[in-house]
Amino acid sequence: MPISFVMNYAAKNYKFPEWIRLDSKKKTITLDLNNMNKSKGLSYKAKKIDMTGDGQFAFQVNIPKSGKIGGF
C-alpha cells in the first residue's frame, strides 16, 4: 500500500492528540514536542543531528510509566 494512503486512512480514522500532525501529501508526521511536554515526567533530547545529505536525526524520549501523554 502507498504510504500516503495509509497516512490518510490513519488521519481520518484515529483521533490523535493536538501535538501530532499527519500530512499524507508530504508523507510527514510532525510531533509538536512543546505541546507534548505538558505531561509531567516526559523528557526528550537529541542524540544525533546530521544535516548533511538526506540528514540523520536521532532522539531519545523518556515516557512516564503511566503511559498517558498529552491525551494520547
Side-chain angles (χ1 to χ4, degrees):
M1 268 186 245
I3 194 164
S4 57
F5 174 83
V6 174
M7 290 180 70
N8 192 41
Y9 179 85
K12 288 183 178 180
N13 292 289
Y14 293 95
K15 183 175 171 78
F16 291 98
E18 292 179 13
W19 51 269
I20 297 178
R21 288 187 297 278
L22 278 69
D23 187 333
S24 60
K25 291 180 183 176
K26 292 182 180 178
K27 300 178 186 170
T28 60
I29 299 172
T30 303
L31 305 177
D32 184 350
L33 298 179
N34 289 325
N35 284 326
M36 182 173 133
N37 199 17
K38 289 180 180 176
S39 298
K40 189 174 183 176
L42 179 72
S43 64
Y44 49 87
K45 64 181 175 179
K47 300 293 274 181
K48 178 180 183 178
I49 298 177
D50 179 1
M51 308 245 329
T52 61
D54 288 337
Q56 292 184 355
F57 306 91
F59 297 90
Q60 177 179 332
V61 179
N62 296 312
I63 301 171
K65 287 187 178 185
S66 71
K68 289 214 162 207
I69 299 175
F72 191 58

Euclidean distance, L31 CG relative to F16 CZ, rounded to 0.5 Å: 10.5 Å

Y14 atom OH, over 12 foreign heavy atoms within 6.0 Å: no

Exercise: identify the closest heavy-atom pair between I49 and F57: CG2-CE2, 3.8 Å

N8 side, atom CG; I3 side, atom CD1 - distance, nearest 0.5 Å: 12.5 Å

Side chains of I20 and T30 in contact at under 4.5 Å (non-hydrogen atoms): no

Neighbour count above 12 (heavy atom, 6.0 Å) for F59 CZ: yes

Between OG1 on residue T28 and CZ on residue R21, distance to nearest 0.5 Å: 9.5 Å

From I29 atom CD1 to M7 atom CE, the distance as rounded to the nearest 0.5 Å: 4.5 Å

Side-chain hydrophobic cluster, 4.5 Å single linkage: members besides M1: F5, V6

